[in-house]
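On a predicted model such as this, the values are computed, not experimentally measured, just so you know.
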Amino acid sequence: MTKVEKKCRFSKNRGKSVAVFGGSLSVNKESQAAKLMWSEYLDMHVTDYGHGGYGFSSLQGSVLDQVNRAKKHDIYILWASTNDYTNNREPGTPQDYTEADGYDQSKLVTQCGGLNYCIRKLREVNPRATIYVFGSLPFWWNTGGYDPASTEVNKTGHNFAYYVSLQRQVAELQGLKFFNQFALPILTPDTKGRFYLKDNLHMNYDGYANVGLYQLYFLATEKALYKP
C-alpha cells in the first residue's frame, strides 16, 4: 500500500466530493469495503446514487434517472453495470445521443446512448466536475461474462466484452478517463470463489477490498495500477 499511499497524499483528487452512479455492484453494502479506502486514503466524501438492477438503457430502471436527481459534486463516477447486457439491451454505437445524431432521444434505449446522456447531463449539473467511467466488472455465469474471445452471447448477438469495449469508446469520444475493471488481473476464474458471492455476479467484501486498491490508485493518479 505504500506506493498507493504516496500517490494519494499528493493527488489532485484529495478531499473531493464524489458521486457514484450505477447498478447493484456500485452500491451493494459490500462496496463500502472499497469506498472506505477512498475516504481513508484520499479523504473523499462519497455519495451513492446507485440502485440494483439499473443500467444505462432507458428500457429498465436506468442510471439516467439517477443523474437527473444528482446534486453538485466535484467528481462523478459512472460505474457501468451488467444489466444492459443481461437484460439484452442493444449496445448501440459510441455516437448514440451525441451531436453526431442531433441528440436523438430514440437512442436512449441503447447502452451507449444512455451513457452519453449521463455524461451530458452531469456536465450541465457541474461543468467544472471531473467525470470518470468505471467499466463493468466481469461475471462468471459462462465464458461470455469474462472472456473477450467467448462465443457465448446475449440476444443482441454480443458477448459482455463487447459492451465493455463500447463503454471505453464512449469515454474516449467524450474525453473522459476510463477505468477498465473488466481486465483487472486479480479477477480470474481461479479467484472468483474468493472474491464473488455464490451468484457468481456480485462481489463479496474481500473482492471489493482488493478491487478497491486498484480503484484507489486510479482515483489518485488517473492511471491504472496494471497494464490494461
Side-chain angles (χ1 to χ4, degrees), residues 3-4 7-8 11 13 18 20-28 31 33-35 37-38 42 44 50 55-56 63 75-86 91-94 110-112 114-116 118-119 122 130-141 143-150 152-154 158-192 194-196 200-203 207-228:
K3 175 183 178 181
V4 181
K7 295 294 185 181
C8 290
S11 173
N13 284 337
V18 181
V20 182
F21 307 90
S24 57
L25 283 159
S26 76
V27 75
N28 279 354
S31 71
K35 294 167 190 166
M37 296 172 69
W38 309 355
L42 280 171
M44 287 178 159
F56 289 120
V63 181
I75 296 172
Y76 296 115
I77 296 174
L78 292 165
W79 185 327
S81 71
T82 61
N83 294 307
D84 292 312
Y85 175 80
T86 57
T93 74
T110 73
Q111 174 194 245
C112 291
L115 178 52
N116 278 319
C118 292
I119 294 166
L122 292 174
T130 299
I131 303 173
Y132 297 124
V133 178
F134 279 22
S136 298
L137 288 155
F139 65 98
W140 314 96
W141 291 351
T143 60
Y146 65 88
D147 183 356
S150 176
E152 297 193 62
V153 298
N154 69 1
H158 301 286
N159 64 16
F160 192 41
Y162 181 73
Y163 282 72
V164 177
S165 71
L166 289 173
Q167 295 161 15
R168 177 194 284 273
Q169 290 176 54
V170 168
E172 291 175 347
L173 186 66
Q174 294 281 2
L176 305 179
K177 297 292 185 179
F178 178 79
F179 178 50
N180 189 0
Q181 301 192 108
F182 185 79
L184 285 170
I186 59 169
L187 301 179
T188 69
D190 291 334
T191 63
K192 68 177 181 178
R194 176 184 171 192
F195 293 144
Y196 280 72
N200 287 323
L201 175 65
H202 298 98
M203 284 195 303
Y208 280 104
N210 280 270
V211 168
L213 176 62
Y214 291 86
Q215 294 174 337
L216 181 66
Y217 188 85
F218 175 84
L219 290 170
T221 67
E222 296 187 332
K223 297 178 181 178
L225 191 55
Y226 67 101
K227 187 175 181 180

Let me confirm one number: the NZ-OG1 distance from Lys177 to Thr221, rounded to the nearest 0.5 Å. 9.5 Å
Side chain to side chain contact (heavy atoms under 4.5 Å, CB included) evaluation trace for Lys3 with Tyr217: CA-CA 9 Å; Lys3 175 183 178 181; Tyr217 188 85; 3.9 Å; yes
Please tell me if the side chains of Ser11 and Leu219 come closer than 4.5 Å, counting only heavy atoms from C-beta onward. no
Grab the two heavy atoms, one from Tyr214 and one from Ile186, that are nearest each other, plus how far apart they are. OH-CG2, 3.4 Å
Applying side chain to side chain contact (heavy atoms under 4.5 Å, CB included) between Asn159 and each of Thr143, Asp147, Val153, report the one that passes. Val153
Do the side chains of Phe21 and Tyr76 get nearer than 4.5 Å, heavy atoms only? yes
Within a strict 4.5 Å, meaning less than it, do heavy atoms of the Leu187 and Tyr146 side chains meet? no
Locate the shortest heavy-atom distance separating Gly92 from Leu166; write the atom from each residue and the value. O-CD1, 3.6 Å
Euclidean distance, Gln181 CD relative to Trp79 CH2, rounded to 0.5 Å: 5.0 Å
State, yes or no, whether a side-chain contact exists between Ile77 and Trp38 at a heavy-atom distance under 4.5 Å. yes
How about Ser81 and Leu25: do any of their side-chain heavy atoms sit closer than 4.5 Å? no
Answer yes or no: are there more than 12 heavy-atom neighbours, outside Lys35 itself, under 6.0 Å from its atom NZ? yes
With rounding to the nearest 0.5 Å, note down the distance linking CG in Asn13 to OG1 in Thr130. 6.0 Å
Cys112 side chain reached by Thr93 side chain, heavy atoms, under 4.5 Å: no
Say you draw a straight line from CD1 of Ile119 to CG of Leu176; how long is it, rounded to the nearest 0.5 Å? 5.0 Å
For a quick test of reading the model, state the closest non-hydrogen atom pair linking Asn210 to Arg194 and the distance between them. ND2-NH2, 3.9 Å
So which heavy atom on Gln111 is nearest to which on Asp84, and how close? CG-OD2, 3.7 Å
Is any side-chain heavy atom of Phe182 closer than 4.5 Å to one of Pro138? yes
Side chain to side chain contact (heavy atoms under 4.5 Å, CB included) between Val133 and Val170: does it pass, once the steps are laid out? CA-CA 9 Å; Val133 178; Val170 168; over 6 Å; no
Output, in order, the C-alpha distance, side-chain angles, deciding distance and verdict of side-chain hydrogen bond (donor to acceptor under 3.5 Å, both in side chains) for Gln215 and Tyr208. CA-CA 10 Å; Gln215 294 174 337; Tyr208 280 104; over 6 Å; no
Please enumerate all residues that pass ring pair (Phe, Tyr, Trp, His ring centres under 6.0 Å) together with Tyr162, with sequence neighbours excluded. His158
Check Ala33 against Ala209 and note the closest heavy-atom contact, atom names and distance. CB-N, 4.0 Å
For residues Tyr163 and Asn154, is any side-chain donor paired with an opposing acceptor at under 3.5 Å? yes
Might you work through the side chain to side chain contact (heavy atoms under 4.5 Å, CB included) test for Ile131 and Gln174, ending with a clear yes or no? CA-CA 10 Å; Ile131 303 173; Gln174 294 281 2; over 6 Å; no
Check: Gln167 side chain, Ser136 main-chain N or O, donor-acceptor pair, under 3.5 Å: yes
Taking every non-hydrogen atom, the tightest pair across Phe139 and Asn200: CB-O, 3.5 Å
Could you tell me whether the side chain of Asn180 reaches within less than 4.5 Å of the side chain of Phe218, counting heavy atoms only? no
From Leu137 CG over to His202 NE2, what is the distance, rounded to the nearest 0.5 angstrom? 10.5 Å
Between Thr188 and Phe195, is a side chain to side chain contact (heavy atoms under 4.5 Å, CB included) present by the stated rule, with each step listed? CA-CA 10 Å; Thr188 69; Phe195 293 144; over 6 Å; no
Atom pair OH/CG of Tyr132 and Leu78 - distance to nearest 0.5 Å: 12.5 Å
